[in-house]
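Here is the structure we will look at.
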Amino acid sequence: MDFQWYPGHMTKAKRQMQEDIKLIDLVIELVDARIPQSSRNPDIDELGKNKSRLILLNKADLADAEKNKVWIEYFHKQGYFAVELDARNRGSMKHIQSVIQESCREKIERDRRRGIKNRPVRAMVAGIPNVGKSMFINTLAGKACTKTGNKPGVTKGKQWIRLNKNVDLLDTPGILWPKFDDPAMGMRLAWIGSMNDQLLNTEELSLELIRYLTEAYPGVLTDRYEINEQADRPVELLAAIAWRRNCVRSGGETDYTKAANLFIDDFRAGRFGRITLELP
């Protein structure tokens, strides 16, 4: 399956970020906690290599709790500040502003030595499409500052938000990179919804996800759909899911496309429980 999706506005957005980075003290990079490495755009590393860095493992409530800890430790060892959060839950955001201040402590101390006081930290919020940047900003600000949506590409241009007297945030569009060298990375991005579903073969996508879940999290399909996971092939499990969810065309023909879409939606909504799709 081909996982390349790089619409024209992403090229423009990357150029704009290259200009804006000159104004920035801190790059706040949101990743999806289910795929913390695959959801990291290497271009953001290049853009922010001389800036303070904070990685937020968003949607941590959908990811395996123990594996979240493994990823946080991994990023700390790489020299990043890193925390997990659920951007929809204001309660999980209470410590974020203190983390922002801590990650920019050297910059704040440097300003103080120069006699510069009360200058807000200017932070760029970056990440791939559909990772929750706008939701994060709105929840942190306590009001609707940006558009949000459950599909990639909602944010198309940059936007400055005054969070408080200590922090200014720059929202940026989600950008992917032009070519995935590892097909498995593209597969994981497609699973979580960071690409345009209309360009994907959802049946093939669902079969690969069924294969992964039965190996890494045996029993979750049985719990959700009351089916026997011991089938020889993933397509047999997809057929069983279709039967359990009445995905049948007139004449009794199995509607694999409808079943695949339902299955992918169930995964993205966290209805199988907390699932992590990769480890460091």
Side-chain angles (χ1 to χ4, degrees), residues 24-36 39-40 44 48 52-73 75-76 80-105 108 118 120-174 192-194 265-277:
I24 298 301
D25 305 307
L26 169 68
V27 176
I28 300 175
E29 181 183 1
L30 270 77
V31 302
D32 191 301
R34 295 166 293 180
I35 55 167
S39 58
R40 295 197 68 212
I44 294 173
S52 298
R53 301 294 302 278
L54 170 59
I55 295 179
L56 302 180
L57 277 74
N58 192 26
K59 306 183 183 181
D61 57 308
L62 299 178
D64 190 314
E66 289 303 314
K67 293 181 174 63
N68 285 344
K69 295 176 184 177
V70 173
W71 277 107
I72 292 294
E73 182 180 357
F75 285 127
H76 285 167
Y80 299 102
F81 287 86
V83 296
E84 57 183 273
L85 80 155
D86 170 11
R88 299 168 299 178
N89 182 348
R90 187 160 177 77
S92 77
M93 307 274 281
K94 292 179 180 178
H95 62 304
I96 295 298
Q97 293 204 43
S98 62
V99 175
I100 290 174
Q101 296 296 313
E102 176 64 21
S103 59
C104 289
R105 184 170 57 181
I108 294 169
N118 302 321
V121 169
R122 290 172 295 197
M124 174 184 285
V125 182
I128 67 170
N130 207 30
V131 80
K133 297 183 301 301
S134 297
M135 179 68 72
F136 162 72
I137 290 172
N138 291 345
T139 304
L140 191 59
K143 59 184 178 180
C145 303
T146 66
K147 288 184 179 181
T148 63
N150 61 358
K151 61 181 181 179
V154 173
T155 303
K156 288 290 184 8
K158 70 173 184 176
Q159 181 180 0
W160 279 101
I161 296 100
R162 168 56 61 92
L163 192 61
N164 52 45
K165 66 178 183 179
N166 296 318
V167 182
D168 287 341
L169 296 178
L170 176 62
D171 188 21
T172 61
I192 68 166
S194 289
D265 286 345
D266 279 350
F267 167 73
R268 291 175 181 171
R271 298 186 185 110
F272 301 131
R274 302 179 65 163
I275 304 289
T276 295
L277 299 172

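What you see is a predicted model, and the numbers here were worked out from it, not measured in a lab. This chain uses plain numbering: 1 for the first residue, then up along the sequence.
- In this structure the side chain of D61 never reaches within 4.5 angstrom of the side chain of N89, judged on heavy atoms.
- A pairwise comparison of heavy atoms in D265 and R271 identifies O-NH1, 3.5 Å as the closest pair.
- The side-chain contact (heavy atoms from CB on, under 4.5 Å) search around N58 returns L30, L85, A87, not counting sequence neighbours.
- At distances below 3.5 Å, at least one donor-acceptor pair connects side-chain atoms of D25 with backbone N or O atoms of R122.
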**Asked** Going through the distances and angles, do L140 and L169 end up as a side chain to side chain contact (heavy atoms under 4.5 Å, CB included)?
**Response** CA-CA 10 Å; L140 191 59; L169 296 178; 4.2 Å; yes

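- Remark: side-chain polar atoms of S103 are not paired, donor with acceptor, to backbone N or O of R53 under 3.5 angstrom.
- Partner of E29 under the side chain to side chain contact (heavy atoms under 4.5 Å, CB included) criterion, out of I55, L54, I128: I55 alone.
- Considering CD of E66 and CH2 of W71, their distance stands at 15.5 Å, rounded to 0.5 Å.
- A donor-acceptor contact shorter than 3.5 Å links the side chain of S194 to the backbone of P129.
- Listed by chain and residue number, nothing satisfies the salt bridge (Lys or Arg N to Asp or Glu O under 4.0 Å) test with R274 (two or more places apart in sequence, or in another chain).
- Shown here for C104 and L26, the closest heavy-atom pair between the two residues is SG-CB, 3.5 Å.
- When all heavy atoms of R40 and V31 are compared, the pair lying nearest together is CG-CG1, 3.4 Å.
- For the pairing with V99, the side chain to side chain contact (heavy atoms under 4.5 Å, CB included) check across L56, I28, V83 returns one residue only, V83.
- A distance of 9.0 Å separates CG of D32 from OG1 of T276, quoted to the nearest 0.5 Å.
- Put simply, CD1 on I161 and CG on D171 are 5.0 Å apart, with the number rounded to the nearest 0.5 Å.
- Put simply, the side chain of F136 reaches to within 4.5 Å of the side chain of I96, judged on heavy atoms.
- Taking CD1 of I192 as the start and CG of L62 as the end, the distance is 10.0 Å to the nearest 0.5 Å.
- Across T172 and K133, no two heavy atoms sit closer than the pair O-CE, 3.1 Å.
- Of the inter-residue distances, the one linking I72 atom CD1 with K67 atom NZ reads 15.0 Å to the nearest 0.5 angstrom.
- A donor-acceptor pair under 3.5 Å is formed between the side chain of N130 and the backbone N or O of G193.
- A cation-pi arrangement is not found for R105 relative to F81, the charged atom failing to lie both closer than 6.0 Å to the ring centre and inside a 45° cone about the ring normal.
- In this structure, K59 and V131 have side chains that are not in contact, with every pair of non-hydrogen atoms separated by 4.5 Å or more.
- When all heavy atoms of I275 and L277 are compared, the closest pair comes out as CG2-CD2, 3.9 Å.
- For V167 against P120, the heavy-atom pair with the smallest separation is N-CB, 3.9 Å.
- Atom CG in N166 sits 7.5 Å away from atom CD in Q97 (nearest 0.5 Å).
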